[in-house]
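The chains referred to below are lettered A, B, ... by the order of the sequence lines, with proteins before strands, and numbering in each begins at 1.
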Number of protein chains: 2
Amino acid sequence: MVINFENNENLDLIFGALSDATRRGMLAQLSDGETNITALAAPYAMSQPAISKHLRVLERAGLIARSRRGRDHYIKAIPGPAEEAGGWIAYYAKFWRQQFDDVEAYLQANKGDTK
Amino acid sequence: MVINFENNENLDLIFGALSDATRRGMLAQLSDGETNITALAAPYAMSQPAISKHLRVLERAGLIARSRRGRDHYIKAIPGPAEEAGGWIAYYAKFWRQQFDDVEAYLQANKGDTK
DNA sequence: AAAATTAATAACCAAAAGGTTATATATTTA
DNA sequence: TAAATATATAACCTTTTGGTTATTAATTTT
């Protein structure tokens with residue numbers, strides 16, 4: 001199965017969601033396991049609706065799932081989408097790295113040359 | 001050396017830069033090597049200033065470098081920052097995946113249980 | 001020297017992002 | 001049942017983003 005990275009709208013949402021420190025912090029916190037929103041919000045000096053919006057962004061990107069138990073909403077991380085985004089980076093970074101190192105090697109090899 | 005992922009403003013810029021399909025397309029194209037801006041812009045149905053702005057975003061994120069030869073600007077990808085962002089994902093995805101699979105395994109194990 | 005090409009910059013616009021306060025809804029606790 | 005708690009939604013505001021056209025600057029080609 002070849003991954004189709006081109007024109008993938010999911011990647012817009014996933015990378016967009018990851019581009020904010022508050023949301024990355026929430027995801028980091030979720031590496032300890034499922035939490036309710038109040039606990040997730042605790043570290044941030046912002047209003048409750050702001051937290052709610054950040055969670056919607058993460059949800060829309062498919063990075064989290066929500067389940068309700070009474071009045072509490074429990075949030076957990078879903079690994080798939082982030083892995084997909086990580087895959088995009090890993091795929092292309094290999095090529096960039098290759099060229100980068102090639103140029104380095106070339107410069108190194110021709111270091112003592114006269115003009 | 002332990003990487004400090006917390007409160008890393010670079011990640012804002014890097015993930016933000018990666019959240020747009022045009023910019024991802026440019027980076028993908030740069031996996032073939034250095035190109036001038038005209039060639040880089042060719043696939044996109046947008047004005048030249050728009051291209052210029054996308055390149056500034058990539059540059060600000062540290063994802064590309066520019067060198068001038070005459071009137072041409074040549075662009076190449078710099079692998080480091082993207083690798084850093086990939087590292088962030090890889091680091092946390094491991095935890096998310098672990099929990100995700102643990103829950104799966106639990107549900108599987110208790111499949112036939114009566115209430 | 002004039003025309004063409006490559007790219008940046010300025011000024012503008014609409015939509016999206018990230019925040020706020022006020023209010024509503026559901027559930028739990030006292 | 002009344003109060004407290006957990007969360008969402010609505011309405012609003014400011015800044016950022018992604019695009020445009022018009023213009024400018026530098027270089028190359030004719």
Taking dA7(C), dT20(D), dT20(C) as options, the one with an atom nearest any side-chain atom of A50(B) is dT20(D)
When rounded to the nearest 0.5 angstrom, what distance separates CD1 in I75(B) from CD in Q29(B)?
11.0 Å
Can a donor-acceptor pair under 3.5 Å be found between the side-chain atoms of Q48(A) and the base atoms of dA6(D)?
no
Check the phosphate of dA8(C) against S52(B), side-chain N and O only, distance under 4.0 Å to OP1 or OP2. Yes or no?
yes
Atom CD1 of I51(B) and atom C1' of dT17(D): how far apart are they, to the nearest Å?
15 Å
Please confirm whether any donor atom in the side chain of R71(B) sits under 3.5 Å from an acceptor in the base of dT5(C), or the reverse.
yes
Side-chain donor-acceptor pair present, D32(A), Q99(B), cut-off under 3.5 Å
no
P49(B) side chain: which of dT7(D), dA10(D), dT21(D) is closest?
dT21(D)
For the pair R23(B) (side chain) and G16(B) (backbone), establish whether a donor and an acceptor sit closer than 3.5 Å, ignoring hydrogens and angles.
yes
Value in whole Å for how far the P atom of dA26(D) lies from CD1 of I37(B)
16 Å
Distance below 4.0 Å between S47(B) side-chain N/O and dT21(D) OP1 or OP2:
no
Without decimals, in angstroms, what is the distance between L13(A) CG and dA16(C) P?
12 Å
Starting at the 5' end of DNA chain D and moving along, which residue's nearest nucleotide shows up first, K53(A) or E59(A)?
E59(A)
Once you round it to whole Å, what is the distance between C1' of dA17(C) and CG of D20(B)?
15 Å
Supply the atom-to-atom distance H54(A) NE2 to L40(A) CG, rounded to the nearest 0.5 angstrom.
11.0 Å
Find the distance L55(A):CG to dA17(C):P and express it as a whole number of Å.
16 Å
Atom-to-atom span, CG of N36(B) to P of dA8(C) - whole angstrom:
11 Å
Side-chain N or O of H54(B) closer than 4.0 Å to phosphate OP1/OP2 of dG18(D):
no
So what does R23(A) hit on the nucleic acid, given a heavy-atom distance under 4.0 Å: a base, only sugar-phosphate, or nothing?
sugar-phosphate
Heavy-atom nearest nucleotide on DNA chain C for R66(B) versus R68(A): which residue maps closer to 5'?
R66(B)
F15(B) CZ to dT16(D) P: how many Å, rounded?
21 Å
Earlier contact from the 5' end, DNA chain C, for H73(B) and A45(A):
H73(B)
Between D12(A) (CG) and dT17(D) (P), how many Å, whole number?
15 Å
Cation-pi geometry met for R66(B) and Y74(B) (6.0 Å, 45°)
no
